[in-house]
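To start, the structure under review is shown below, and the notes come after it.
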Amino acid sequence: MVICLTAVCLVCASVLAAVYAVTYEPIKASAQKAEKAAISEVLPAGCTVSEAKSCECDGLTYDYYEALEGEAVKAYAVKSATNGFGGKLQLMVGVLEDGTVWATKVLSQNETPGLGAKCASDEAFCAQWSYEKRQESGKKLEVLAVSKDGGDVDAITASTITSRAYTLAVSNAVNVVKSLCGEKVDSWSGASVKSE
Amino acid sequence: MANKLSLITKGFIKDNPTFVLVLGMCPTLATTTSAMNGLEMGLATMFVLILSNIVISLIAPVVPDKVHIPVYIVVIATFVTVLQLLMQAYVPTVYETLGLFIPLIVVNCIVLGRAEAFANKNSCLDSALDGIGIGLGFTLSLTVIGIVREVLGSGSVFGWKFIAGDGILAFVMAPGAFMVLGYLMVLFNKYLKKQ
């Protein structure tokens with residue numbers, strides 16, 4: 001009885017070890033590819049992307065990437081996470097050096113299908129995060145809060161909590177960039193939208 | 001030969017795992033938000049079902065009765081983990097949508113149920129055919145539920161949209177899953193009784 005169970009477990013464990021070894025590289029590669037794609041999607045075209053760096057802002061650690069044009073840093077891609085309606089909502093946020101939101105991309109979300117999950121696909125909602133689309137439509141994005149809270153972000157219908165979480169993640173990312181740039185020129189006043 | 005064929009076809013109607021045996025309700029309700037999700041979940045379960053049925057029918061004679069459940073569970077869990085790693089490596093987008101429900105195949109009653117009720121008493125070939133039959137039946141049921149929910153909830157089929165805008169949102173969420181499953185079960189049983 002014991003021998004049988006042990007034998008079965010040993011065989012199963014070795015099968016798993018073999019499969020794990022075979023799939024380890026492809027899994028890592030596909031995760032990296034997804035992240036690379038997300039980074040280049042939220043940054044202006046034609047920039048070279050730096051290695052991953054991390055910094056601390058408001059007591060949280062953020063991973064970020066610098067977009068270099070020649071030697072100068074032009075924009076940042078910040079990985080920012082907040083709590084949405086159904087758990088962690090993780091975004092990649094592209095921010096220009098002056099704090100303008102360039103583009104955003106959902107890395108992972110667990111929002112309600114058909115409602116909050118539309119934060120990754122809803123055209124009107126996604127368009128307002130893109131700098132180029134804002135230029136076309138003339139929409140402003142100065143106060144990073146949903147319109148219900150007096151900001152410039154139009155929430156997804158019936159998904160205010162998700163929209164708030166999304167906006168907070170973007171605003172945190174902007175704060176990260178502001179503090180990064182502030183460190184460099186030592187003249188940052190600290191004026192930014194405070195996140196709750 | 002007809003006997004072998006009936007092993008496959010019985011999973012569609014007579015022993016349909018969803019509408020007749022009413023097994024594996026958790027993934028049925030949770031993953032059928034769209035036709036594609038239902039189909040993928042069905043195929044993932046079928047993969048595990050066929051392989052675990054084959055292995056269990058082979059080892060059943062030598063496994064002592066007292067430990068047969070733990071042994072079966074270890075075998076099933078191994079195949080599920082293999083499937084999970086393979087999906088993560090080669091079809092990451094599918095893995096992302098099904099996410100949590102892949103590891104839950106381990107405790108899917110269909111897989112252990114077929115091991116207990118069929119694979120441990122039958123030959124390797126019959127068990128494999130049973131796995132294919134029940135697996136196809138499960139895949140078909142999930143796809144049908146997925147199609148109905150996607151048509152009503154999002155106005156599309158397999159991602160192809162034929163109504164602009166939103167559908168009836170309730171059908172994409174949990175209450176819709178119960179309603180669709182209930183009505184389909186009624187239709188299914190009515191048809192069976194007539195036969």
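Numbered from 1 within each chain, the chains take letters A, B, ... in sequence-line order.
By the criterion of side-chain heavy atoms lying less than 4.5 angstrom apart, applied directly or through intervening Ile, Leu, Val, Met, Phe, Trp or Tyr residues, B:V180 is not grouped with B:V172; the two fall into different hydrophobic clusters. A chain of hydrophobic side-chain contacts below 4.5 Å, direct or via other Ile, Leu, Val, Met, Phe, Trp or Tyr residues, connects B:F118 to B:I8. The same ILVMFWY cluster, assembled from side-chain heavy atoms under 4.5 Å apart, contains both A:V170 and A:Y64. The cluster map of Ile, Leu, Val, Met, Phe, Trp and Tyr, joined by side-chain heavy atoms under 4.5 Å apart, puts B:L112 and B:L51 in the same cluster. Following chains of ILVMFWY side-chain contacts shorter than 4.5 Å, one cannot reach A:Y76 starting from A:M92, and the two form parts of different hydrophobic clusters.
Counting non-hydrogen atoms of neighbouring residues, nucleotides and ligands closer than 6.0 angstrom, the CG atom of A:L10 exceeds 12 such neighbours. Summarising the local packing, OH of A:Y131 is surrounded by 12 or fewer heavy atoms from other residues, nucleotides or ligands at distances under 6.0 Å. Around the CZ atom of B:F47, the shell of radius 6.0 Å holds more than 12 heavy atoms that belong to other residues, nucleotides or ligands.
To the nearest 0.5 Å, atoms SG (A:C12) and CD1 (B:I76) are separated by 10.5 Å.
The choice from B:L85, B:V62, B:V75 that makes the most heavy-atom pairs within less than 4.5 Å of chain A is B:L85.
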Below 3.5 angstrom, are there any donor-acceptor pairs between chain A and chain B, and if so, which atoms and how far apart?
| unit_1 | atom_1 | unit_2 | atom_2 | d |
| --- | --- | --- | --- | --- |
| A:K118 | NZ | B:D166 | OD2 | 3.2 |

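Under the side-chain contact (heavy atoms from CB on, under 4.5 Å) test applied with A:M1, the options B:V63, B:V67, B:V71 reduce to a single match, B:V67.
Taking 4.5 Å as the limit, some side-chain heavy atom of B:P70 sits within range of a side-chain heavy atom of A:L5.
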